[in-house]
Amino acid sequence: MHNIKAVIFDLDGVLVDTAKYHYLAWKRLAQELNIQFSLQDNERLKGVSRMRSLDIILEIGNITLDSDTKIQLAQKKNIWYVDYISNLTPKDILPGVIGFLESLKVDSIKIALGSASKNSMLILDKLNLTNYFDAIIDGTKVSKAKPDPEVFLKGAEALKVLPSECIVFEDAEAGVEAAINAGMYCIGIGSKNILKMAHLVLAGFSDMTFDKLKL
Ligand code: BG6
Ligand code: MG
């Protein structure tokens, strides 16, 4: 890794453990539809858009629905999800994240968000994290879901850096693939068994500083 000028963070499952609330809300919807939906199935939903997530669940249940019904179901899931995250506070920021963000500031490394979520601004505000970001690219700004690299390329463009000058932190298979497709160095947060394509996989940000990343 040479000449890193920027770090792009995924949100859900990287900065905060909202992935579990996405799972709970989808599980509730799947139950209403009589679809068996496991934690393993849920890995396929991580990082992908709301509508694509619903399509995957319907595929698992072998159910076809018209687009109006799908929009209503996705809205219903989102209402439950927003309710689950209504009590988020800065205490929910994952361990080591603030220390790492501060170390990036000290080293003058630019910071962007690259998330598929349309709830990103709401979550960053609840966590008091918004001001750390030089650019925020979220589900309201992209048209192609991860593993398409659009979200990360837009992040690099907004920060005025090259893809090769960026590190991406991701917890989702689709997100790691998107970062690799963007030509960026990708650090997976989670398990090596799942994030096979990442350049490096870490369990989390505990005690991490930018200095320690200069491998
Ligand atoms: C991603 C999550 O960050 O955002 C996905 O990993 C989620 O699970 C996607 O489906 C879209 O989120 P939202 O908040 O717009 O429904
Ligand atoms: Mg994620």
Side-chain angles (χ1 to χ4, degrees), residues 7-30 37-60 70-86 88 92-94 97 112-127 129-130 133 136-152 154-155 167-182 184 186-191 194-195 197-198 201-205:
V7 169
I8 308 181
F9 292 93
D10 173 48
L11 173 65
D12 297 310
V14 169
L15 301 178
V16 59
D17 190 12
T18 37
K20 66 183 176 208
Y21 298 118
H22 277 297
Y23 172 65
L24 285 179
W26 285 125
K27 177 100 184 151
R28 190 166 161 186
L29 191 76
F37 176 61
S38 67
L39 265 174
Q40 199 187 340
D41 294 327
N42 188 56
E43 284 302 319
R44 293 176 59 198
L45 268 50
K46 287 187 181 174
V48 306
S49 70
R50 197 180 305 167
M51 288 312 290
R52 177 70 195 126
S53 299
L54 177 61
D55 281 336
I56 293 172
I57 290 177
L58 294 175
E59 257 169 56
I60 293 169
K70 288 205 284 190
I71 289 167
Q72 279 171 20
L73 291 178
Q75 274 170 356
K76 195 168 174 177
K77 178 268 172 180
N78 192 54
I79 289 169
W80 290 332
Y81 173 68
V82 170
D83 186 42
Y84 292 148
I85 62 169
S86 62
L88 278 186
D92 293 296
I93 298 169
L94 287 169
V97 165
L113 190 85
S115 167
S117 174
K118 293 186 168 146
N119 293 300
S120 293
M121 289 309 301
L122 171 76
I123 295 170
L124 289 180
D125 284 345
K126 279 183 175 293
L127 301 176
L129 284 180
T130 312
F133 290 87
I136 294 177
I137 311 296
D138 66 10
T140 66
K141 294 186 180 153
V142 291
S143 54
K144 293 176 226 146
K146 299 172 187 176
D148 190 282
E150 183 187 15
V151 65
F152 295 131
K154 281 198 167 167
I167 301 178
V168 171
F169 284 90
E170 257 295 348
D171 72 313
E173 268 181 288
V176 170
E177 217 180 312
I180 304 286
N181 287 338
M184 298 177 180
C186 184
I187 302 183
I189 297 291
S191 144
I194 294 173
L195 306 175
M197 285 173 76
V201 178
L202 303 172
F205 292 95

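Note that ligands are numbered from 1 as they come in the structure, with each ligand's atoms numbered from 1 the same way. Throughout, residue positions are numbered sequentially from 1 according to the sequence presented.
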Give the atoms of ligand 1, by number and element, whose distance to some non-hydrogen atom of [X] is under 4.0 Å.
X    : answer
N119 : 13 (P), 14 (O)
D12  : 1 (C), 2 (C), 3 (O), 4 (O)
K46  : 6 (O)
S115 : 3 (O)
S53  : 10 (O)

[atom]: nearest protein contact (heavy atom, Å):
atom                    : answer
atom 7 (C) of ligand 1  : V48 O, 3.3 Å
atom 16 (O) of ligand 1 : R50 NE, 2.7 Å
atom 6 (O) of ligand 1  : G47 N, 2.8 Å
atom 15 (O) of ligand 1 : K118 N, 2.6 Å

Practice problem: Evaluate the ring planes of F169 and F9, with Trp represented by its six-membered ring, and classify them as parallel (under 30°), tilted (30 to 60°) or perpendicular (over 60°). | Solution: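 F169 and F9: parallel rings.
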Quiz item: About how large, to 10 degrees, is the angle OD1 of D171, then the Mg ion (ligand 2), then O of D12?
Solution: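 The two atoms form an angle at the metal of about 90°.
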Electrostatic pair [X]:[Y] at N-O distance under 4.0 angstrom:
X    : Y    : result
K141 : E150 : no
K146 : D10  : yes
D12  : K46  : no
E173 : R44  : no

Interatomic spacing from [atom1] in [X] to [atom2] in [Y] - rounded to 0.5 Å:
X    : Y    : atom1 : atom2 : result
I60  : L45  : CD1   : CG    : 7.0 Å
S117 : I123 : OG    : CD1   : 5.0 Å
N78  : L29  : CG    : CG    : 11.5 Å
M121 : T140 : CE    : OG1   : 9.0 Å

Exercise. Dump the intermediate steps for ring pair (Phe, Tyr, Trp, His ring centres under 6.0 Å) on Y81 and Y21, then the final yes or no.
Key: CA-CA 6 Å; Y81 173 68; Y21 298 118; 7.3 Å; no
Before signing off on this row, confirm whether [X] and ligand 1 have an N or O atom pair separated by under 3.5 Å.
X    : value
Y81  : no
D10  : no
S117 : yes

Quiz item: D10: which N/O/S atom is nearest the Mg ion (ligand 2)?
Solution: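 D10's closest N, O or S atom to the Mg ion (ligand 2) is named OD2.
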Self-check item: Identity of the nearest option to atom 8 (O) of ligand 1, non-hydrogen atoms only, from D138, L45, I123, I85
Solution: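 It is L45 whose heavy atom sits nearest to atom 8 (O) of ligand 1.
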